[in-house]
Structure formats: structure tokens, C-alpha cells
Amino acid sequence: MTLLIKDCSMLDVVQGKVLDHMDIYIEGSKILRLGRNLNMVADEVWDGQDKFVVPGFINGHTHLGMSLLRNYADDMNLQTWLTEAIWPIEAKLNPKDIYWGSLLSMAEMIRSGATCFCDQYYAMDQVGDGALKIGMRGILTRGLIEDEKSQEKLEETRDLYKNYHGAGNGRLRVVPSPHAIYTCGTDYLKEVIAMAHDMDGVINIHMSETEKEVEDCVQDHGMTPIAYIDSLGMLDLHVIAAHCVHMTEEEMDLVKGKDFYPIYNPSSNLKLASGFTPVQKMKDKGITLGIGTDGDSSNNNQNILEEVHVGSIVNKAVNMDPKAMPAIDMVRMATIDGAKALGWADEIGSIEEGKKADLTIFNLKSASFTPRNNLISALCYSAQAEDVESVLIDGEVVMKDRVLTKIDYEGILSMVQDRMNQLLTR
Ligand SMILES: [Zn+2]
């Protein structure tokens, strides 16, 4: 299957430029040629006039199955929220709830321009099946919390790796994932680190999300969280580190030049009042960050465009500097830098010949993009999810003219409502 998108505006995110009158020629899962007035014959030709083609957005941290708990418990502090509200109802979720909840999150992501995610949850085979069904790319990570089922959970990660790593033409990857340093003991963390070395050398974990986490770590281990994981050998791996809100300057120097990638979750940090992630300072130190939505009960949506917007303006306010985190830096966080954070930049994150055709196409005939003064500014400050018209993942059209092509969107909505009604009586 070949597709030619003719005469579009295209984001070159590496250069930080918008290129006009571009043709994009896609063969199978890949972008084969880019240029003006390409003389190529394709099975299908799309008119790119009034369209803005950007790299598919990457949601670097989420808990997809939590969408059933959207608006279920809000306005509480993190520990009370987790222990008294979220964990008790989560314990009643069954695998099919997680399947449909994850599909709802994926539908929401695609409809707001995301093509790839890094998910941490459980019943991850259900998330994998959902992603294969709807056509998404993503990293599946089984969240590991130490309890009487610790070894079973490690076994689940091994099974997941065996059954889903590389599935869907390489669209799915599997990575070991301790939930956090405060939910896993030292020996258990070491076991997971060893497992990550045996797999692909990548690990996914929540890091330094709250002040309490940092204080407890200093008390229990005599060092700050990132110094602690370094003492366990975790920094020899590629670390996808969600949050990093309370990272010290010494810790920034420690991870600089290593494969350590904070994932910024602005809405979640703000809503849970976790604090302000020192994003500009990290970037100034040369640390590459991704960006994520976090789960639906701490955001409460899966719209990565909103994170780009909020992340930018909150950093300007906190730094008292309108030049902090400019539009292109935020857009990179959701594309090429997000791809680096997930260890996937060889295939995704930018529109380049030879890369995967993971593309988000905006309709420029909308209020948010009118007048067309600066399309990169528009992406960060004014674009809305409704402006996303079509989405390709791995060369496959997963949304065309706002209609999901591989699954019935209305069907997902009613399934999720039904399952939540049942869950409340369980
Ligand atoms: Zn999280």
C-alpha cells in the first residue's frame, strides 16, 4: 500500500521549521520520500492543502486502564487519594474492564493526535490486545508493587515480553516497570533491574513525584531517590522516569549524559499539587525530557496537546520568565524528545525519510490556526484536539476525517459506561 500526501505544510521538528508545499510519500509502514512536487505514483493520493502534518505525539507516561476511574475521586492529596479512593476500586477492576478502559484512552489519544504511549498498569495483555485492535504503538509495562504476589508479577512481565514484545509489526514493546521506590523494597528493585538487563536494557518507574517520597528515601536510605537508584545500578539502564518533580541539582548532574529521561506530567503535578517540575533547569543542564498525561484519575484526560500547552505556560509563570519553555521546545517534548525518552527515536518522533509513518494531520481551516501566523505557536498555544483530522500509525490510517477506522468509537463509550455501572455494584 502506498500513499502520497500532496502539497501540505509539514513540521520539521528537528530544525524547528514549518515547510510548505511538501509531498510525503509513504510505502507500507514507512516514509519513503519527502520533497516538493514528487513525481510518484501511489495507490492513494490525499490533498494536503490546508493541512498541517506533524509527527504523531508521544504520550510518555500514562495508566490507560484508569479511564474507568475518570472523575471518580478528585480534590484529595496523593497518599489519601491512592490508598483510600483509587487502590480499593482498582482492586475490583477485571481484565475486560481494563481492555475497554484502555481502548477508551487510546481512542482519546488518537483523537488528540497521539500515536504512541508508555503505559504502566496491570492486565497488560488486555492493553496489548487493545492496542493491536485500534492500531496504536506503545510500550507495555506491568506496574510492579511489592506484596505477596511479587514473584507472580515478575512472571507476568516475562510472559508479556514473550507474547507482545515486537507484536503488531514492532508496534508494541515490553519493558519491566517497578511502580516506585516507595512501593518496592531494595531486593525487589534489584530483581527488576536484573530482569531489565536480560530484556532490552530499559526500565520504567515513577521517580521523585512528591516531597514525601524524597524525605522518606533520605530517612530510609540516607540518600535522595536518584542517588539511591544509582546505588542499585539502575542508571546503567535506559530509565524512563515519570515525574521527577523534586529532583535536586546534584541529581541533575548525576544523570546528565546518562540514559535517564524524566517524563513531565504538568496537569497531574498541578492537580495533585505535587509541585513544579524544574523543566527549564533540566533542559539547561542538557537533560532530555518527554511529556505525558499520567492516568485519567489525576489529569483527567488523555489529551497530550493540553499537556504541551499547560506545560509551557506553567513554566513561564514559575520561572517568572515568558521566554521559558518556548513553543518549539514543548512540541519537541511531545515528539522527537519523547521518542528519545522512550528509546525509539530511530523509528519515530520526526518526519524523516526511512522513519515510520506515524503522522498527525491537522485541519488548518479552524479558528485555532487562523490566521496562519505561526503554526508552531499554534500547536503549543491554540490548537485543539478537534483540529486533528486524520492520524496514521505505522503507515496505517487509524483515523480519517475524525472517524476511527479500526473500531467503533461510540461502541467503546457505551461499553465503558456499562462496565463502570457494573463495577460500582461489585
Ligand atoms: Zn503515573
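In this text, all values refer to a predicted model and were calculated from it rather than measured experimentally. Only this structure's heavy atoms are used, side chains among them; waters, hydrogens and symmetry mates stay out. Whatever order the structure lists them in is the order used to number ligands and atoms, beginning at 1.
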Using a strict 4.0 Å threshold on nitrogen-to-oxygen distance, state whether D74 and K271 make a salt bridge.
yes

Atom of D294 nearest the Zn ion (ligand 1) (restricted to N/O/S, atom name only):
OD1

Tell me whether N265 contacts the main-chain N or O of I263 through its side chain, where contact means a donor paired with an acceptor under 3.5 Å.
yes

Restricting to N/O/S, name the atom of H61 that gets closest to the Zn ion (ligand 1).
NE2

Taking the six-membered ring of W46, is NZ or CZ of K400 closer than 6.0 Å to its centre and within 45° of its axis?
yes

Test log, rule salt bridge (Lys or Arg N to Asp or Glu O under 4.0 Å), inputs E155 and R158
CA-CA 5 Å; E155 209 44 56; R158 281 188 202 98; 2.9 Å; yes

Is the distance from the Zn ion (ligand 1) to some N, O or S atom of H63 under 2.8 Å?
yes

